[in-house]
Colleague: 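To start, I am sharing the structure in question, which I have written as structure tokens.
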Amino acid sequence: MKNLKYYIATENDIPFISQTYHENISALHGIYRSEDVWKELLSIKDSTYYIVHADTSVAWFRIDIEADELWVGMLQVKPCYHRKGIGKYILSVVEGIAKEKGYKRVGVHTTEDNAVARTFYLSVGYSVTEIGPCTTADGKERVGYTFQKHIL
């Protein structure tokens with residue numbers, strides 16, 4: 001997809017964030033979140049939400065800072081825009097932000113049943129660094145995968 005741009009999300013973007021999250025909720029093992037909850041989440045200090053826009057908003061992602069690493073806390077592409085290179089664009093943006101801020105690694109988590117995400121992260125140079133139990137937002141125990149990429 002061409003002409004992708006990103007910007008830091010504002011409260012005006014909450015309807016898009018909420019809608020896209022709920023469209024992907026089963027793959028995320030998520031729970032319902034009201035727009036008020038999203039407003040609170042946007043205000044968390046160590047997390048930054050971004051919107052990816054072409055002619056319309058097509059995706060959003062969240063970056064979390066944990067110790068000496070930048071983490072992709074969430075990456076959501078509207079289902080009608082899947083497989084159009086938006087995920088690769090987002091990771092290139094995240095890696096650029098990591099470099100700019102002096103981080104040497106980017107990490108991301110997913111679950112064993114999300115084969116599409118696992119395959120995607122491997123295809124763009126991320127390595128599995130940990131496999132183990134995790135509890136997803138819906139309260140269920142699953143097998144989690146941690147991926148990391150060293151940024152040069």
Colleague: Could you pull out all residues at least two apart from Arg62 that satisfy side chain to side chain donor-acceptor pair (under 3.5 Å)?
Modeller: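 So Arg62 forms a side chain to side chain donor-acceptor pair (under 3.5 Å) with Asp64.
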Colleague: Would you give the length of the straight line joining atom NE2 of His53 to atom OH of Tyr6, rounded to the nearest 0.5 angstrom?
Modeller: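 So the NE2 of His53 and the OH of Tyr6 are separated by 15.5 Å.
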Colleague: Can you tell me how far the OH atom of Tyr145 sits from the OG1 atom of Thr111, to the nearest 0.5 Å?
Modeller: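 Taking OH in Tyr145 and OG1 in Thr111, the distance rounds to 9.5 Å.
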Colleague: Could you work out, with side chain to side chain donor-acceptor pair (under 3.5 Å) as the rule, every residue matching Thr110, not counting sequence neighbours?
Modeller: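 By the side chain to side chain donor-acceptor pair (under 3.5 Å) rule, Thr110 matches no residue at all.
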Colleague: Hey, any chance Val108 and Leu28 share a hydrophobic cluster, counting ILVMFWY side chains that come within less than 4.5 Å of each other, even indirectly?
Modeller: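 No; tracing contacts between hydrophobic side chains, which count when under 4.5 Å, never links both residues.
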Colleague: Residues in side chain to side chain donor-acceptor pair (under 3.5 Å) with Asn114, at least two apart?
Modeller: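 With sequence neighbours excluded, Asn114 shows a side chain to side chain donor-acceptor pair (under 3.5 Å) to no residue whatsoever.
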Colleague: Would you please name every residue forming a ring-ring contact (aromatic ring centres under 6.0 Å, His included) with Phe120, sequence neighbours left out?
Modeller: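 Checked Phe120 against ring-ring contact (aromatic ring centres under 6.0 Å, His included); zero matches.
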Colleague: Do Ile51 and Phe16 touch side chain to side chain, with heavy atoms closer than 4.5 Å?
Modeller: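 Side chain of Ile51 against side chain of Phe16, heavy atoms only: contact under 4.5 Å found.
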Colleague: In terms of hydrophobic clustering (I, L, V, M, F, W, Y; side-chain heavy atoms under 4.5 Å; direct or indirect links), are Val94 and Leu75 co-clustered?
Modeller: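 The answer is yes; both residues are in one hydrophobic cluster.
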Colleague: To the closest 0.5 Å, what do you measure between CD1 (Ile17) and OH (Tyr50)?
Modeller: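 One finds 12.5 Å between CD1 of Ile17 and OH of Tyr50.
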Colleague: If I take atom NZ from residue Lys140 and atom SG from residue Cys134, how far apart are they, to the nearest 0.5 angstrom?
Modeller: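 So the gap between those two atoms works out to 13.0 Å.
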Colleague: If hydrophobic clusters are built by linking Ile, Leu, Val, Met, Phe, Trp and Tyr wherever their side-chain heavy atoms come under 4.5 Å apart, do Trp60 and Tyr7 end up in the same one?
Modeller: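 Yes, one cluster joins them.
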Colleague: With sequence neighbours excluded, give me every salt bridge (charged side-chain N to carboxylate O under 4.0 Å, His left out) pair touching residues 82-96.
Modeller: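 Sorted result for residues 82-96: Glu95-Lys149.
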Colleague: Going by atom type alone, with no hydrogens or angles, which donor-acceptor pairs under 3.5 Å involve a side-chain atom of residues 98-107 and a protein atom two or more places apart or on another chain?
Modeller:
from: Arg105; atom 1: NE; to: Glu69; atom 2: OE2; distance (Å): 2.9
from: Arg105; atom 1: NH2; to: Asp68; atom 2: OD1; distance (Å): 3.3
from: Arg105; atom 1: NH2; to: Asp68; atom 2: OD2; distance (Å): 3.4

Colleague: Between Met74 and Tyr49, is there a side-chain heavy-atom distance shorter than 4.5 Å?
Modeller: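 They are not in side-chain contact.
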Colleague: Suppose we screen for side chain to side chain donor-acceptor pair (under 3.5 Å). Which residues come up paired with Glu35, at least two apart in sequence or across chains?
Modeller: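 Scan of Glu35 (side chain to side chain donor-acceptor pair (under 3.5 Å), adjacent residues dropped) gives none.
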Colleague: Around Asp55, counting heavy atoms of other residues, nucleotides and ligands shown, do more than 12 lie under 6.0 Å from its CG?
Modeller: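 Atom CG in Asp55 is not crowded, with 12 or fewer foreign heavy atoms closer than 6.0 Å.
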Colleague: Got a second to check how far Ser57's OG is from Tyr81's OH, nearest 0.5 Å?
Modeller: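 Rounded to the nearest 0.5 Å, the OG-OH separation comes to 9.0 Å.
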Colleague: Taking ring-ring contact (aromatic ring centres under 6.0 Å, His included) as the definition, give me every residue that meets it alongside Tyr32, ordered by chain and number, with sequence neighbours left out.
Modeller: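 By the ring-ring contact (aromatic ring centres under 6.0 Å, His included) rule, Tyr32 matches His22.
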Colleague: Which pairs count as side chain to side chain donor-acceptor pair (under 3.5 Å) when at least one residue sits in residues 127-136, sequence neighbours excluded?
Modeller: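 Counting only pairs at least two positions apart or across chains, the side chain to side chain donor-acceptor pair (under 3.5 Å) contacts touching residues 127-136 are Thr135-Glu141, Thr136-Asp138, Thr136-Arg142.
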Colleague: Please round to the nearest 0.5 Å and tell me the distance separating atom CG of Leu70 and atom OG1 of Thr48.
Modeller: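 Going from the CG atom of Leu70 to the OG1 atom of Thr48 covers 8.5 Å.
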Colleague: Could you state whether Ile65 and Ile151 fall into the same hydrophobic cluster, counting links through intermediate Ile, Leu, Val, Met, Phe, Trp or Tyr residues with side-chain heavy atoms under 4.5 angstrom apart?
Modeller: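 Yes; Ile151 is reachable from Ile65 via cluster members.
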Colleague: Could you tell me which residues satisfy ring-ring contact (aromatic ring centres under 6.0 Å, His included) with Phe147, sequence neighbours excluded, listed by chain and number?
Modeller: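 Phe147 satisfies ring-ring contact (aromatic ring centres under 6.0 Å, His included) with Tyr121 once adjacent residues are dropped.
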Colleague: If Ile, Leu, Val, Met, Phe, Trp and Tyr residues are connected whenever their side-chain heavy atoms lie under 4.5 Å apart, and connections chain through other members, are Val124 and Ile97 in the same group?
Modeller: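 Yes, Val124 and Ile97 fall within the same hydrophobic cluster.
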Colleague: Given side chains that start at C-beta, do those of Phe61 and Ile86 come closer than 4.5 Å, heavy atoms only?
Modeller: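 SC-SC contact between Phe61 and Ile86 ruled out.
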Colleague: What are the two closest non-hydrogen atoms of Asp13 and Ala9, and how far apart are they?
Modeller: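 Distance-wise, the nearest heavy atoms are OD2-CA, 3.4 Å.
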Colleague: Is the shortest side-chain heavy-atom distance between Tyr89 and Val77 below 4.5 Å?
Modeller: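 They are not in contact (no side-chain heavy atoms under 4.5 Å apart), so the answer is no.
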Colleague: Tabulate below the donor-acceptor pairs under 3.5 Å that side-chain atoms of residues 36-45 make, not counting sequence neighbours, or state none.
Modeller:
from: Trp38; atom 1: NE1; to: Arg33; atom 2: O; distance (Å): 3.4
from: Ser43; atom 1: OG; to: Glu40; atom 2: O; distance (Å): 2.6

Colleague: Applying ring-ring contact (aromatic ring centres under 6.0 Å, His included), name anything that partners His29, two or more places apart in sequence or on another chain.
Modeller: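 With neighbours one apart ignored, the set is empty.
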Colleague: Please name the pair of heavy atoms, one in Thr20 and one in Asn24, separated by the smallest distance, quoted to 0.1 Å.
Modeller: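 Shortest heavy-atom separation between Thr20 and Asn24 comes out as O-ND2, 3.0 Å.
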Colleague: What pair of heavy atoms forms the shortest contact from Ala137 to Ile31, and how long is it?
Modeller: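 Scanning both residues completely, I find the closest heavy atoms to be O-CG2, 3.3 Å.
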